[in-house]
There are 2 protein chains.
Amino acid sequence: MSAEDLRRRRTNVRANVRTVPGPCARWNDEDADFIREVLDLVGDKWSVLIIGTLADGPIRYSDLADAIPGISQRMLTLTLKHLRRTGLITRTSYPEVPPRVEYTLTELGTSLLSTVLALAAWSADHHGEIRRHQAAYDSANARQADER
Amino acid sequence: MSAEDLRRRRTNVRANVRTVPGPCARWNDEDADFIREVLDLVGDKWSVLIIGTLADGPIRYSDLADAIPGISQRMLTLTLKHLRRTGLITRTSYPEVPPRVEYTLTELGTSLLSTVLALAAWSADHHGEIRRHQAAYDSANARQADER
DNA sequence: CAGTATCCTCTGAGATACTG
DNA sequence: CAGTATCTCAGAGGATACTG
């Protein structure tokens with residue numbers, strides 16, 4: 001299945017159902033799965049940060065830890081395993097003393113990175129707007145709480 | 001800050017640091033925050049599904065529940081609140097009997113949707129490749145477990 | 001250096017029951 | 001219809017200590 005198909009397909013499914021009884025369209029299970037798949041991949045706290053760091057070229061475990069403030073060894077190791085299993089990164093260990101291990105972004109990983117960066121860019125672009133909405137929403141809620 | 005800046009900025013920061021002591025670049029805190037912000041927004045289990053459903057036009061609470069199989073009332077309500085607070089959707093209640101409430105995607109929400117759909121499309125495109133990597137990784141691990 | 005192994009906490013999310 | 005109120009639990013993630 002191709003990229004452009006996704007949007008088209010869901011729209012079609014929706015349209016089909018809508019013409020039958022009324023408004024009650026449902027997600028195609030497969031489409032929902034694709035969303036779950038990416039979220040499972042990049043929806044966690046560290047994956048994107050790691051992938052972004054690897055974008056600058058191969059890097060060692062400890063340098064990775066330094067580059068990503070706040071990550072615990074446990075989470076670093078776990079996330080690296082996860083990314084490796086998915087084929088987004090590769091691990092190369094050099095039999096030296098002291099041991100050296102480098103992590104590298106695969107082509108698959110690079111292709112994902114650019115898509116994810118678009119998301120971060122969206123956030124950067126609309127950050128102000130979002131903050132304004134949140135503030136408005138919160139103050140409206142505070143007023144409601146007062147009235148009670 | 002603009003969309004194109006994001007990539008450029010991080011690269012610069014990285015380059016600056018790299019020229020000083022060695023490889024030990026760190027994420028700019030602000031950039032990492034942008035990533036956290038989107039993830040907090042769409043990284044959960046239901047947000048994207050809801051946004052995607054709203055893309056077809058305003059829809060009522062109960063129709064939303066039907067359109068998204070598996071979601072609980074609690075999660076639907078909670079996620080709707082979250083999206084509303086961020087300004088991605090709006091809520092309009094019509095004072096009728098029985099009550100009618102419609103949720104509508106804002107422009108902000110629409111702009112996010114298209115970006116997120118790109119991610120889903122990526123998943124659709126690389127799904128096969130990912131599955132192959134996972135299978136390979138798992139069987140390699142199973143062999144290791146046997147050898148022990 | 002590059003990880004494991006444990007323990008612990010806290011939150012995301014489901015199930016169920018109730019209400020304006 | 002469109003929610004709210006509780007209870008519950010699994011697992012994501014942190015802290016700390018240990019190891020090939």
Side-chain angles (χ1 to χ4, degrees), chain A residues 22-24 32 35-36 39-50 53-54 58-86 89-104 141 144-145 147-148, chain B residues 22-24 32 35-36 39-50 53-54 58-86 89-104 141 144-145 147-148:
Chain A
C24 205
I35 296 191
R36 295 266 153 71
L39 290 183
D40 181 48
L41 210 57
V42 302
D44 65 293
K45 199 170 174 186
W46 303 110
S47 291
V48 179
L49 263 6
I50 292 181
T53 306
L54 290 189
I59 187 173
R60 306 175 59 156
Y61 181 90
S62 54
D63 288 337
L64 210 39
D66 290 343
I68 303 174
I71 196 169
S72 63
Q73 284 197 326
R74 179 184 129 88
M75 273 305 111
L76 180 53
T77 306
L78 237 58
T79 312
L80 285 172
K81 269 188 188 145
H82 189 210
L83 295 177
R84 211 142 72 81
R85 184 174 115 95
T86 324
I89 67 176
T90 52
R91 195 192 99 119
T92 321
S93 75
Y94 302 87
E96 309 170 353
V97 183
R100 180 163 60 103
V101 174
E102 280 189 351
Y103 289 90
T104 311
N141 263 33
Q144 287 228 335
E147 285 162 18
R148 256 183 273 140
Chain B
C24 206
I35 296 191
R36 293 266 154 70
L39 289 183
D40 180 47
L41 209 57
V42 301
D44 65 293
K45 200 171 174 185
W46 303 110
S47 292
V48 180
L49 263 4
I50 291 182
T53 306
L54 289 189
I59 185 173
R60 306 175 61 156
Y61 181 91
S62 54
D63 288 338
L64 210 39
D66 290 343
I68 302 174
I71 196 170
S72 63
Q73 284 197 324
R74 180 184 129 88
M75 275 305 113
L76 180 53
T77 305
L78 237 59
T79 311
L80 285 173
K81 268 187 190 145
H82 189 210
L83 295 177
R84 212 141 73 81
R85 185 174 115 96
T86 323
I89 67 175
T90 54
R91 193 192 101 119
T92 321
S93 75
Y94 301 88
E96 309 170 354
V97 183
R100 180 163 60 106
V101 175
E102 280 190 350
Y103 290 91
T104 312
N141 262 33
Q144 286 227 340
E147 284 163 18
R148 255 180 276 140

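Letters A, B, ... mirror the listed sequences (proteins, then strands); counts begin at 1.
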> What is the distance, rounded to the nearest whole Å, between atom CD1 of Ile89(B) and atom P of dA2(D)?
14 Å
> Check the distance between dC1(C)'s P and Tyr94(A)'s OH and give it to me in whole angstrom.
17 Å
> Using a cut-off of strictly less than 4.0 Å, decide whether Ser62(A) has a side-chain nitrogen or oxygen near OP1 or OP2 of dC1(C).
no
> Between P on dG11(D) and NE2 on His82(A), what's the gap in Å once rounded to a whole number?
14 Å
> For Thr86(B) and His82(B), indicate whether the former's side chain and the latter's backbone hold a donor-acceptor pair under 3.5 Å.
yes
> Report the distance from atom NZ of Lys45(B) to atom CD1 of Ile68(B), rounding to the nearest 0.5 Å.
12.5 Å
> Could you state the atom-to-atom distance from CD of Glu96(B) to P of dG3(D) in whole Å?
14 Å
> Let me know the distance between CG of Leu76(A) and P of dG13(D), rounded to the nearest Å.
13 Å
> Would you say Arg60(B) reaches dC1(D)'s phosphate, i.e. side-chain N/O to OP1/OP2 under 4.0 Å?
no
> I need the CG-P distance between Leu49(A) and dA12(D), as an integer number of Å.
18 Å
> Would you say dT4(D) has OP1 or OP2 under 4.0 Å from some side-chain N or O of Tyr61(B)?
no
> OP1, OP2 of dG3(C) versus side-chain N and O of Tyr103(A): anything below 4.0 Å?
yes
> Taking only N and O in the side chain of Arg91(A), is any of them less than 4.0 Å away from OP1 or OP2 of dG3(C)?
yes
> Reading DNA chain C from 5' onward, which residue's closest nucleotide shows up sooner: Thr77(A) or Pro98(A)?
Pro98(A)
> From the options Ile71(A), Val101(A), Leu54(A), select the one residue that forms a side-chain contact (heavy atoms from CB on, under 4.5 Å) with Leu64(A).
Leu54(A)
> Starting from the C-alpha separation in whole Å, work towards a yes-or-no answer on side-chain contact (heavy atoms from CB on, under 4.5 Å) for Ser47(A) and Leu83(A).
CA-CA 7 Å; Ser47(A) 291; Leu83(A) 295 177; 4.0 Å; yes
> Which distance, rounded to the nearest 0.5 Å, do you find between the CE of Met75(B) and the CG of Leu80(B)?
11.0 Å
> Tell me: CD of Glu102(A) to C1' of dC1(C), nearest whole Å?
13 Å
> State, to 0.1 Å, how close Gln73(B) and Tyr61(B) come at their nearest heavy-atom pair, and which atoms those are.
O-OH, 3.4 Å
> Identify the heavy atoms of Glu102(A) and Pro58(A) that sit nearest to each other, and give their distance.
OE1-CB, 3.6 Å
> Of all the heavy-atom pairs spanning Gly43(A) and Leu39(B), show the shortest one and how long it is.
CA-CD2, 4.2 Å
> At their closest point, which heavy atom of Thr53(B) faces which heavy atom of Leu49(B), and how far apart are they?
OG1-O, 2.8 Å
> Produce a footprint string for nucleotides 7-20 of chain C: one letter per nucleotide, 5' end first; B if the base is under 4.0 Å from any protein heavy atom, S if only the sugar-phosphate is, - if neither.
------BBB-B--B
> What dot-bracket string describes DNA chain C from 5' to 3', counting Watson-Crick and G-U wobble pairs whose defining distances are under 3.5 Å, with [ ] for crossing pairs and | for pairs to another strand?
||||||||||||||||||||
